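Please read these numbers as outputs of a predicted model, since none were measured by experiment.
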Amino acid sequence: YACDVTLTIINCKDSLADHNNNNNDTTQFSAIILVLNLNKPRSVVQTQLDSWMHALSPYLSASDCNLLCANYTQPFSVHDAISDPNQQKKFHQHLHNLCVDHCFEFVASPFDANDDFYGCKSSLFDNYDEMEMGHARIASALQCVMWPHMTRNNSKTTTTTSTLSSVTPLLLNSQQQEEEDEKHERQELVEEDMFRKHDQVTVTGLHSKPHWNGRVAEIVG
């Protein structure tokens, strides 16, 4: 399937109100991604989350996909406000519970895969699969949305593309290709020389009834 999708970026609740007034429709979002900066202190994150979930509540019933992206925007620093990984893991669980209560899915988004504290291999994310985090999970979730005005792709084109993809690893080298072409030409010549119904032929090579040899016969089937 394919469709045109409009991406609307709203970075303040006043912009959300303006968007409502311009479109006269509070149920038009098919998917909502709420992105929070988890490098900020937990109290700030909590306040922002409460405020935005309240502002977005009129849209949730019509949206097929609601994601809370817990995004880390910078590498770890010893002066970071959330430098305790154990407390931050508990905060992740708290955010997850809030998402369940408000029809969102919690998506952790590490800053850097190689970062000791915020990387997906760090203890902060040891309960998550890599495909459940960051852009990987966002992309897979959006692929499941039933977007408005979706159209089915041309089946012939899809089949051809699939067939070509499956054949590509089996492409022959130039010498093998030439041999295949010659074999195909010989086969075509053989088919041209084959007998057809009602053709007149001379019987030869019969050993059981040699007296038939030399006679003219007609192909009947």
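Summarising the geometry of M53 relative to L98, their closest heavy-atom pair is CE-O, 4.5 Å, with the distance given to 0.1 Å. C65 approaches S63 most closely through the heavy-atom pair O-OG, 3.1 Å. What you find for P110 and A108 is that their closest heavy atoms are CD-O, 3.7 Å. Listed here is the closest heavy atom pair of V45 and N37: CG2-O, 3.5 Å. Here the closest heavy-atom approach between residue E132 and residue V107 is recorded as O-CG1, 4.0 Å.
A 4.5 Å side-chain heavy-atom check between I10 and W52 finds at least one atom pair inside the cut-off. Using a 4.5 Å heavy-atom threshold, the side chains of P148 and S30 count as touching. You'll find the side chain of L142 reaches within 4.5 Å of the side chain of I33, heavy atoms only.
Below 30°, between 30° and 60°, or above 60°: for F29 and Y59 the angle between ring planes is between 30° and 60°, a tilted geometry.
Of the inter-residue distances, the one linking M133 atom CE with C69 atom SG reads 11.5 Å to the nearest 0.5 angstrom. Atom-to-atom distance recorded for N71:CG and L34:CG is 11.5 Å, nearest 0.5 angstrom. Distance check: R42 CZ to L49 CG gives 14.5 Å after rounding to the nearest 0.5 Å.
S57 is linked by a side-chain hydrogen bond (donor to acceptor under 3.5 Å, both in side chains) to nothing, counting only residues two or more places apart in sequence or in another chain. Every residue meeting the side-chain hydrogen bond (donor to acceptor under 3.5 Å, both in side chains) condition with H94, not counting sequence neighbours, appears here in chain and number order: Q46. With sequence neighbours left out, the salt bridge (charged side-chain N to carboxylate O under 4.0 Å, His left out) criterion links K89 to D126.
W147 contributes no side-chain N or O that, together with a main-chain N or O of A31, makes up a donor-acceptor pair within less than 3.5 Å. Listed for the N66 side chain is a donor-acceptor partner under 3.5 Å among the backbone atoms of C103. With hydrogens and angles ignored, the 3.5 Å screen pairs no side-chain donor or acceptor of S51 with any backbone N or O of T47.
Criterion: ILVMFWY side-chain heavy atoms under 4.5 Å apart, direct or through other members. Under it, V100 and F106 are not part of a common hydrophobic cluster. Hydrophobic clustering, with ILVMFWY side chains joined whenever heavy atoms are under 4.5 angstrom apart, keeps L95 apart from V44.
By the 6.0 Å contact criterion, CG on D4 is open, its count of non-hydrogen atoms from other residues, nucleotides or ligands being 12 or less.
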For this session: For H102 and L56, run side chain to side chain contact (heavy atoms under 4.5 Å, CB included): C-alpha distance rounded to whole Å, both residues' side-chain angles, the deciding distance at 0.1 Å, then the answer.
Result: CA-CA 10 Å; H102 292 83; L56 292 170; over 6 Å; no
